[in-house]
Amino acid sequence: MNLKDVGEFGFIEGFARKYDHLINESDSGIGDDCAILSINETENHVVTADLLIEDVHFLKDKITAKELGHKALAVNLSDIAAMGAKALYSFLSIGIPPNTPMEYLEEFMESYYQLSNKYQCPLMGGDTTKSVDKLVINVTVVGRVLKIDTHLRSMAENGDLVCVTGNLGDSAGGLKVLLENLEQNPDNMNLVKYHHMPEPQLHEAQFLAPYSGVHAMMDISDGIASDLKHILKASGKSANIHLDKIPCSDLLKDVSAKYDWDLYDLISAGGEDYQLLFTVKQDTFKAINDAFMNQFGKPIYSIGEILDGKEEIQWLENGKPYNKQGNGFDHFK
Ligand code: ADP
Ligand code: MG
């Protein structure tokens, strides 16, 4: 059997539980967006690490150094947001081909700094090595969150509404623009911006985290078809998702119509939007949405319901079952 037979998550499951006996009861390891390291009675540290590899996560002739520096940190800050935490420190390890121009690296580091500064999260260390011919970037971020505000994937409850913080599919549309060489058109390039410069929902997550009606939370990196399954698996639940209620931009609708792309596939299985996916106790939704609207001038979107049952997503369109293809991203499947 090869890795591609078991997939990314099958591989991780194979070794994840082996460490349980070494982990303190108040901590938790593999399985959520971040590991949780208890600080004291009331607070946790949360830690995440994400790797970006040239030609796997980005194409060097399609993404600028500025965009790459932003994205490398942003995808990690997004995992900190997913826990409801504030980002404290980052660590950056890079393997760099020796012929890389210094201007490229300076632009990368300046952009990394700009995002660090925006969220008051200093770079505290890392490692720099030679790489034979591909750029490899690993970022680790440490955050901090009150224990009562820490949101796990396992916290979904029956009857919760499944919610997201913003449009889905733009990033996947941007990736299609790059892969299908459709960059000539400015509209198309606006989608690529979402793919290359995602905004971590840190402030939104910190705002939502203290509400007792907000239950499970994670960030959308692989597409909800895959990511929601993690919440369902961790919580022992199933869900209905209304495809027609998933927020998506007019831009994505227009570009999808132009090239005959499957819009439902992009918004449900397309990854890297880095919006939050979270569940909300039904009778608290209105108050939370009103407060969120007041704070950010944008709503949260209810796209489905958590139900009893095991890990199934029932896809609906206008309330009727919809036979959807596509399962979200897995590196090896
Ligand atoms: P995310 O998309 O939120 O970064 P992933 O889907 O990449 O999360 O990973 C799922 C879980 O598996 C996380 O808890 C992550 O820390 C853990 N994980 C992934 N790869 C490894 C690995 N090689 N060793 C240990 N833990 C891993
Ligand atoms: Mg995540």
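Every number for a ligand or one of its atoms is a count from 1 in the order of the listing.
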Exercise. Can you tell me the protein heavy atom closest to atom 4 (O) of ligand 1 and the distance?
Worked result: Asp79 OD2, 3.0 Å
Problem set entry | Within reach of ligand 1, part of Thr48 (heavy-atom separation under 4.0 Å) | neither
Problem set entry | pair Asn44-Leu37: side-chain heavy atoms closer than 4.5 Å | no
Exercise. Counting only heavy atoms not in Tyr194, do more than 12 sit closer than 6.0 Å to its OH atom?
Worked result: no
Problem set entry | His203 ring center near Tyr119 ring center (under 6.0 Å) | yes
Exercise. Using 4.0 Å as the upper bound for N to carboxylate O, is an ion pair formed by Asp160 and Lys281?
Worked result: no
Problem set entry | Donor on one side chain, acceptor on other, Ser78 and Asp219, under 3.5 Å | yes
For this session: Ignoring hydrogens, tell whether any protein atom lies closer than 4.0 Å to atom 14 (O) of ligand 1; use the non-hydrogen atoms only.
Result: yes
Seminar exercise, completed: By side-chain contact (heavy atoms from CB on, under 4.5 Å), Asn185 pairs with (sequence neighbours left out) Asp187, Asn188, Lys258
Problem set entry | Distance filter under 2.8 Å, centred on the Mg ion (ligand 2) - protein N, O or S atoms that pass it | Asp33 OD1, Asp79 OD1, Asp219 OD1
For this session: Looking only at protein heavy atoms, identify the closest one to atom 19 (C) of ligand 1 and say how far it is in Å.
Result: Ile12 CD1, 3.3 Å
For this session: With heavy atoms of Ser221 as the reference, note each atom of ligand 1 found under 4.0 Å away.
Result: 2 (O)
Seminar exercise, completed: Among non-hydrogen protein atoms, atom 6 (O) of ligand 1 lies closest to Phe9 CE2, 3.3 Å
For this session: Distance to 0.1 Å, residue and atom name: give those for the protein heavy atom nearest to atom 7 (O) of ligand 1.
Result: Glu8 OE2, 4.2 Å
Exercise. Do the rings of Phe296 and Phe292 sit parallel, tilted or perpendicular, given the 30° and 60° boundaries?
Worked result: tilted
Exercise. For His230, is at least one N or O under 3.5 Å away from an N or O on ligand 1?
Worked result: no
For this session: Check side chain to side chain donor-acceptor pair (under 3.5 Å) between Thr42 and all other residues, then give those that pass, not counting sequence neighbours.
Result: Asn40
Exercise. Has Lys229 got its NZ or CZ under 6.0 Å from the middle of the six-membered ring of Phe9, at an angle within 45 degrees of the ring axis?
Worked result: no
Problem set entry | Contacts of His242 that satisfy side-chain contact (heavy atoms from CB on, under 4.5 Å) - sequence neighbours left out | Asp244, Lys245, Glu305, Leu316
Exercise. Are any of the heavy atoms in Phe11 under 4.0 Å away from ligand 1?
Worked result: no
For this session: Check each heavy atom of Met83 against ligand 1 and say whether those closer than 4.0 Å belong to the side chain, the backbone, both or neither.
Result: neither
